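The structure appears below as structure tokens.
These numbers come from a predicted model, not from an experiment. Here is how names work: the chains are called A, B, and so on, in the same order as the sequence lines, proteins then strands, and each is numbered from 1.
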Amino acid sequence: MLQVQFIRDNKDVVLAGLAKRNFADAETIINDVLQLDETRRSTQVSLDNVLADSNKLSKEIGSLFKSGEVQKANLLKEKTSQLKESGKELTEQLNNVTAKLQDLLYQIPNVPHASVVAGTNEEDNEEIFREGTVPDLGDKALPHWELAKKYDIIDFDLGAKISGAGFPVYKGKGARLQRALINYFLDKNTGAGYNEVQVPHLVNEASGFGTGQLPDKEGQMYHVTADDLYLIPTAEVPITNLYRGSLVKEADLPITLTGYTPCFRREAGSYGAHVRGLNRLHQFDKVEIVRVEKPENSYEALNGMVEHIKGILRELKLPYRILRLCGGDTGFTAALTFDFELYSTAQERWLEISSASNFETFQANRLKLRYKNSEGKNQLAHTLNGSSLALPRVLAAILENYQTADGIKIPEVLVPYCGFDMIN
RNA sequence: GGAGAGGUGGCAGAGUGGUAAUGCAGCAGCCUGCUAAGCUGUCAUCCUUCGGGAUGCCCGGGUUCGAAUCCCGGUCUCUCCGCCA
């Protein structure tokens, strides 16, 4: 959520930023926000004055009672009723205007970073880096869902039986490879200084609000209505919310965390060939990294995260590219996002496997995540996160890119984690 | 699931109807020479015409001239019992 003060002071910047996202009616909404803010402030001044008068009277009445002047006190009491009335009215007005303002603020996405280009969808994203070689598999290359069947390592039908489509069952070496990937990713992250955490997979409403999944992405999360909890769509939610409402010491920054969780997404509205196999699931595993940073360090930190993820993909020897998302494709809460995509040789398409973002103060403002700066003042921190990595598509890419006539080779770095070097 | 206790600033911790003590930590300044201490101010949020004003004691209502304090509802934590991996 943007800060009203920021909008007030940087209206042009905000409008220009929202334009890069093709955010409809930006001008109207921003003007409404400013208008409501003004009304809010003037209403508050009026209310404050009424309350001040009322407080003054109360004090007088109090001291009159103390000195035994009951009659005078009772006379003053009558005067308070009118103040009470207008106080009530003004309070109602204030609540009203504040709620409206809040509603509007919740609808405004983050202002993109200066480096983000305008654009409407993924076609406008900029490729900024590419590395690794695409293996030549000839025309006998199988897509991962066929490989999974051939070697009996992932069973989509079984998953469909016990849960539904999009809930695969990993078996044998497939299950072991999953576990290997999780451990490998976590080791890479902790090796880079991230502190490992294990967090709940169900979160309350406040947490959903804190990181921005609620209210607008309500339909994407599984909602356990009996207890009013949500299954997490990403570890970002519980991990970032660890610091909701916190005032951290400057010396404790940066806070760097990593955690493995399953992720649950309803993916309402998804269909077609692009959701086959592991491409899009309702439940998948992911290892996440999260950082809380001082504002002046957050972009350097984002670059550090990008470099870190690059390192992992290099070790896995998978062909990948990095995109800087355009305004229209950048998530609601992010200011700058880099997507990592692996090349799926058999499907001949790029698969997103990581997204690293800087949210600046957008989440922190909702989370009330502040730190005491060097002047002793409380200041909103910057939050960042990235996947390192999302498992299913990495697995898909490994299966497809490492397939041979004899079976699927295991990438070297994963062999110690798997305990085997071939799936056949 | 049943019973009880509790939720006060960054932290600790008073306050049971008259308008949030105190300590520690942080920040600024002053002073002092001895392993850092002392003193002063500041130290939640909003508004402000920069004089101040308002709000704030888990959340939402209510009673009252006046609520951290009393009442009702909710929520969370802790303890005990029950159930149980």
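With hydrogens and angles ignored, no donor-acceptor pair under 3.5 angstrom links the side chain of A:Glu375 to the base of B:C27.
In this entry B:G1 has B:C81 as its Watson-Crick or G-U wobble partner, both defining distances falling under 3.5 Å. The base-pairing partner of B:U22, taking Watson-Crick or G-U wobble contacts with both distances under 3.5 Å, is B:A12. Nucleotide B:C70 forms a pair with B:G62, judged by Watson-Crick or G-U wobble geometry with both contacts under 3.5 Å. Pairing partner, B:C27: B:G41, with both Watson-Crick or wobble hydrogen-bond distances short of 3.5 Å.
Remark: A:Arg370 is in phosphate contact with B:U45, judged by side-chain N or O atoms under 4.0 Å from OP1 or OP2. One finds no side-chain N or O of A:Lys377 lying less than 4.0 angstrom from the OP1 or OP2 phosphate oxygen of B:A44. The side chain of A:Arg41 contributes an N or O atom lying less than 4.0 Å from OP1 or OP2 of B:U48. A sub-4.0 Å separation between OP1 or OP2 of B:G18 and a side-chain N or O of A:Asn55 is absent.
Glycosidic torsion of B:G33 falls outside 90° of 0, placing the base in anti.
If you check every strand for non-hydrogen atoms under 4.0 Å, A:Leu76 touches nothing. Counting non-hydrogen atoms under 4.0 angstrom, A:Ser374 reaches the backbone sugars and phosphates but no base.
Checked against B:A54, B:C65, B:U45, the side chain of A:Asn378 finds its nearest nucleotide in B:U45. In the set B:U19, B:G26, B:G53, B:G26 carries the atom at the smallest distance from any side-chain atom of A:Lys372. Taking the side chain of A:Leu51 as heavy atoms from C-beta on, and the options B:C47, B:G66, B:A54, the nearest nucleotide is B:A54.
Nucleotides B:A44 and B:C80 are separated by 38 Å at their P atoms, to the nearest Å. For B:G66 and B:U77, the P atoms lie 35 Å apart once the distance is rounded to whole Å. B:U69 and B:G7 have their P atoms separated by 11 Å, given to the nearest Å. Between B:G56 and B:C50, the distance separating the two P atoms is 27 Å to the nearest Å. Atom P of B:U32 sits at a distance of 31 Å from the matching atom of B:G51, rounded to the whole Å. The same atom, P, is picked in B:G13 and in B:U64; the two are 36 Å apart, to the nearest Å. Spacing between B:U16 and B:C71 at atom P, rounded to whole Å, works out to 14 Å. The C1' atoms of B:G53 and B:C39 are separated by 31 Å, rounded to the nearest whole Å.
Straight-line distance from the NZ atom of A:Lys77 to the P atom of B:G18: 16 Å, rounded to whole Å. Put simply, CD on A:Gln3 is 12 Å from P on B:U45, counting in whole angstrom units. Rounded to an integer number of Å, the gap from CD of A:Gln44 to P of B:G52 is 19 Å. Atom CD of A:Glu60 and atom P of B:G66 are 15 Å apart (whole Å). Spacing between atom CD1 of A:Ile61 and atom C1' of B:G17 amounts to 14 Å, rounded to whole angstrom units. The distance between atom NZ of A:Lys368 and atom P of B:G9, rounded to the nearest whole Å, is 17 Å. Atom CG in A:Leu94 sits about 12 Å away from atom P in B:U55, given to the nearest Å. The CZ atom of A:Arg40 sits 13 Å away from the C1' atom of B:U48 (whole-angstrom rounding).
Taking for each of A:Asn373 and A:Gln5 the nucleotide of RNA chain B with the nearest heavy atom, the 5'-most of the two is the partner of A:Asn373. Between A:Asp48 and A:Gly376, the residue anchored nearer the 5' end of RNA chain B, judged by the nucleotide with its closest heavy atom, is A:Gly376.
With respect to A:Lys100 and A:Asp103, no salt bridge is recorded, no charged nitrogen being found less than 4.0 Å from a carboxylate O.
Here the two rings, on A:Phe264 and A:His201, have centers that are 6.0 Å apart or farther.
A donor-acceptor pair is defined here as one N or O able to donate and one able to accept, closer than 3.5 Å; no such pair exists between the side chain of A:Lys368 and the backbone of A:Arg244. A:Arg265 contributes a side-chain N or O that, together with a main-chain N or O of A:Pro233, makes up a donor-acceptor pair within less than 3.5 Å.
Both the sub-6.0 Å distance and the 45° axial angle are not jointly satisfied by A:Lys294 relative to the ring of A:Tyr371.
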Next item on the list: Any chance you could lay out the ring pair (Phe, Tyr, Trp, His ring centres under 6.0 Å) test for A:His382 and A:Tyr299, step after step, and finish with the verdict?
Entry: CA-CA 10 Å; A:His382 280 194; A:Tyr299 279 98; 7.2 Å; no
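For the atom pair A:Tyr184 OH and A:Cys418 SG, the distance stands at 12.0 Å (nearest 0.5 Å).
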